[in-house]
Protein chains: 2
Amino acid sequence: MQRGLVNPSRPRRPTMIDVARHAGVSLKTVSRVINGEPTVATELADRVLAAVADLGFRRNDIAANLRSSEVSRTIGLLIEEIANPFYASIAAVVAEIAATHNTMLITVSCEEDPEREKSLLLNLCQRRVDGLLVVPASQDHSYLRREVQMGMAAVFLDRPPGQLLADTVLVDNRGGSQSAVQSLLAAGHRRIGILLDSLTVFTMRERLAGAQAAMATAGVRYDTALVRDEVRAPADAARAVADMLAHPDPPTAFFCLNNRITVGALEELWRRGNDAGLVGFDDFEFAHLMPRPFAVIAYDPKELARVATDQLFRRIGGEQGWPITRVLPTHLVDRGIVDRGVAA
Amino acid sequence: MQRGLVNPSRPRRPTMIDVARHAGVSLKTVSRVINGEPTVATELADRVLAAVADLGFRRNDIAANLRSSEVSRTIGLLIEEIANPFYASIAAVVAEIAATHNTMLITVSCEEDPEREKSLLLNLCQRRVDGLLVVPASQDHSYLRREVQMGMAAVFLDRPPGQLLADTVLVDNRGGSQSAVQSLLAAGHRRIGILLDSLTVFTMRERLAGAQAAMATAGVRYDTALVRDEVRAPADAARAVADMLAHPDPPTAFFCLNNRITVGALEELWRRGNDAGLVGFDDFEFAHLMPRPFAVIAYDPKELARVATDQLFRRIGGEQGWPITRVLPTHLVDRGIVDRGVAA
DNA sequence: ATCACCTGAGACAACGATGTCATGTTTCGA
DNA sequence: TCGAAACATGACATCGTTGTCTCAGGTGAT
């Protein structure tokens with residue numbers, strides 16, 4: 001039973017065989033023309049191209065890929081969520097570099113769910129992508145070991161893999177945090193409030209460790225009453241700041257471990273006209289338009305993506321060797337408002 | 001020559017045949033077990049599953065898809081650039097809805113280049129994605145006609161297709177613009193500066209037309225000296241504002257046709273302490289933290305994406321019928337600063 | 001006890017392309 | 001003028017799955 005007869009409104013896509021018949025040549029000749037092999041007589045090639053145009057033929061990449069199983073020219077990127085500007089800028093860089101390798105990008109968001117992470121990554125493996133870029137949510141990636149052994153390229157970024165050796169690109173979270181707190185200490189602050197998301201996240205643990213190290217080095221007491229975790233949305237940060245300021249011995253400065261928190265804290269301090277010191281980890285767009293001064297520990301997420309993607313394509317290209325870990329530097333940036341003369 | 005012997009470091013992936021041999025069953029039985037068909041004796045199924053675990057077998061979706069060419073469970077999304085928050089939030093919604101259909105998303109950015117748009121979309125067709133979501137950059141999509149005829153689902157969003165009939169979801173650019181300008185006129189403004197990106201973009205033409213209509217209705221002269229196009233970056237907007245304010249009969253209000261322009265204009269007016277009226281098309285994050293009051297024509301990009309994606313999956317699901325165009329409403333939102341008492 | 005029926009399992013073709021090899025034709029030098 | 005090399009073309013197997021069909025063996029009704 002021919003499909004063409006069953007559903008005439010949606011014609012079956014022509015295959016190379018149809019083109020061959022239409023042009024009066026063999027299947028293989030069509031294949032040669034489509035793939036630009038030079039050993040075809042001009043006259044035949046023209047007939048084939050005419051048939052291609054006539055029938056609206058377009059090669060089925062799925063079939064081609066199955067036969068010549070070299071590369072699918074597709075890579076996968078796993079992140080938290082694409083709506084987050086941090087990840088969006090990473091995805092942009094990855095897609096751009098991939099395009100130069102004639103490769104498309106499947107981006108999947110796991111939303112901090114380890115189960116989802118696993119199922120998405122294995123699903124990508126089933127689709128036989130050429131490689132994986134992973135910002136992991138879980139701490140156990142042993143389920144990827146076999147895939148990697150069987151040739152799946154994988155590079156982790158922003159956070160390291162767990163139970164798996166793989167190429168990794170990180171940011172110097174600890175060092176950046178250390179210098180953030182050092183700058184507050186140097187300005188004379190001794191009571192520093194620290195706000196963080198969740199300790200289940202690698203970057204948060206590292207940043208907190210850096211802050212503790214800086215305080216220990218300076219001989220300043222690390223008071224757990226001045227530390228709040230599970231601060232997720234900006235509004236949580238605002239509440240935490242208000243809360244800490246009500247403390248009998250309140251902080252005179254705040255260190256926010258990500259930019260969502262920074263925005264919330266900043267908004268609250270600004271609302272109160274409180275001039276506490278404020279340093280946030282991560283820069284962000286519009287930081288220069290915020291209504292009060294603060295500082296950030298900045299680094300380039302694009303560079304992170306660039307280094308990781310380049311490494312991935314090196315592996316896809318067949319580069320052998322032990323997994324490599326690279327740590328990118330951070331730097332302190334003083335961020336003010338558009339015009340500091342605001343109060344004047 | 002076996003590949004395993006050529007490159008023993010990267011073992012060949014096991015296929016169903018390997019699993020079948022290892023479990024002492026037929027190929028087809030493996031296929032049945034993998035696909036959860038119920039007609040397999042428990043004892044055999046267990047042997048197959050053990051072999052799968054032993055060998056680290058993972059089904060090749062490419063081959064499966066080739067054989068049973070139903071759906072590839074992949075859709076394509078074409079946008080300008082993923083780093084733009086507007087498109088990132090669209091991509092997030094599309095990916096989320098796609099996930100509920102067990103479908104992954106390939107996002108490609110054409111960066112306003114019509115040639116790139118064409119090649120990317122046709123490339124996606126070659127990959128046999130199940131459907132396309134398109135924010136078009138070009139004005140001629142006749143090259144998609146054959147693909148659509150042959151069953152490729154396609155939905156356009158934010159901007160309409162050219163030379164092609166297809167499902168489309170738009171925003172009421174004209175109406176929104178009209179009410180923006182009406183609000184400025186109602187506040188007594190008669191000289192209104194208009195800043196826009198490029199007239200090659202559909203949304204810009206529509207928004208400008210809406211502004212003109214509002215002025216015509218009110219009997220206010222449309223002075224081309226107060227219109228600037230090719231305003232791309234915020235800095236361009238700042239310059240344009242400065243320039244217009246130097247006009248002998250300067251504008252007392254500005255209408256910015258996108259949010260990048262709004263930010264630049266706002267920054268310049270704030271720097272000058274100028275209290276001109278300001279309305280921008282498109283809301284944006286942090287708008288409520290900006291250092292001076294203004295208004296925006298807001299709409300929900302997520303709703304845009306939701307409606308378009310739902311329609312796409314309806315088409316993928318086989319829904320027939322003529323292409324549909326939907327236009328989503330906008331509304332005016334007064335946006336101020338965190339605390340209007342800033343100057344106090 | 002016989003036969004129709006059901007069910008589980010395997011053999012084989014098919015999906016749409018590419019790789020390999022064989023074949024027929026042309027070309028060119030001796 | 002002939003033979004070998006070079007080239008253009010096609011026949012056929014193949015990639016890793018799933019769909020179709022067949023068949024053996026067990027079940028229940030008559």
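Numbered from 1 within each chain, the chains take letters A, B, ... in sequence-line order.
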So that I can tick it off, tell me whether A:R159 and A:E80 are bridged by a salt bridge, with the cut-off set at under 4.0 angstrom between side-chain N and carboxylate O.
yes

Taking every non-hydrogen atom, the tightest pair across A:M150 and B:P14
SD-CD, 3.5 Å

Within the pair B:N35 and D:dT18, is there a side-chain N or O less than 4.0 Å away from OP1 or OP2?
yes

Give a yes or no on whether the backbone of B:I97 and the side-chain of B:T100 come within a donor-acceptor separation of less than 3.5 Å.
yes

Tell me yes or no: between the side chains of B:S138 and B:E117, is some donor less than 3.5 Å from an acceptor?
yes

Regarding B:R59 and B:N35, do their side chains bring together a donor and an acceptor under 3.5 Å, going by distance alone?
yes

Starting at atom CD1 of B:I17, determine the distance to atom P of C:dC12, rounded to an integer number of angstrom.
13 Å

B:D140 and B:Q163 side chains, donor-acceptor separation under 3.5 Å
no

With no hydrogens and no angle check, do the side chains of B:T74 and A:R127 hold a donor and an acceptor under 3.5 Å apart?
yes

Compute whether any side-chain donor of one residue and acceptor of the other, for A:Q149 and A:R146, lie under 3.5 angstrom apart.
no

Roughly how many Å is it from CZ in A:R128 to P in D:dC15, rounded to a whole number?
15 Å

Which residues, if any, of residues 21-31 of chain A bring a heavy atom under 4.0 Å of DNA chain D?
A:V25, A:S26, A:K28, A:T29

Could you give the CZ-to-P distance, from A:R47 to D:dA8, as a whole number of Å?
16 Å

Nucleic acid contacts - residues 48-62 of chain A versus DNA chain D, non-hydrogen atoms under 4.0 Å:
none

The answer to which of B:E37 and B:A63 contacts DNA chain D further toward the 5' end, by nearest nucleotide, is B:A63

Separation of B:I34 atom CD1 from D:dT17 atom P, in whole Å?
9 Å

Atom CG of A:L66 to atom C1' of C:dA14: distance rounded to whole Å?
12 Å

Grab the CG-P distance between A:L44 and C:dT26 for me, whole Å please.
13 Å

Let me know, please, whether B:R67 or B:P38 comes out on the 5' side of the other along DNA chain C by nearest nucleotide.
B:P38

Which word best sums up how the rings of A:F313 and A:H101 line up, parallel for under 30°, tilted for 30 to 60°, or perpendicular for over 60°?
parallel

Rounded to the nearest angstrom, tell me the gap between atom CG in B:N65 and atom C1' in C:dA14.
15 Å

Could you state the atom-to-atom distance from CZ of A:R32 to C1' of C:dT20 in whole Å?
11 Å

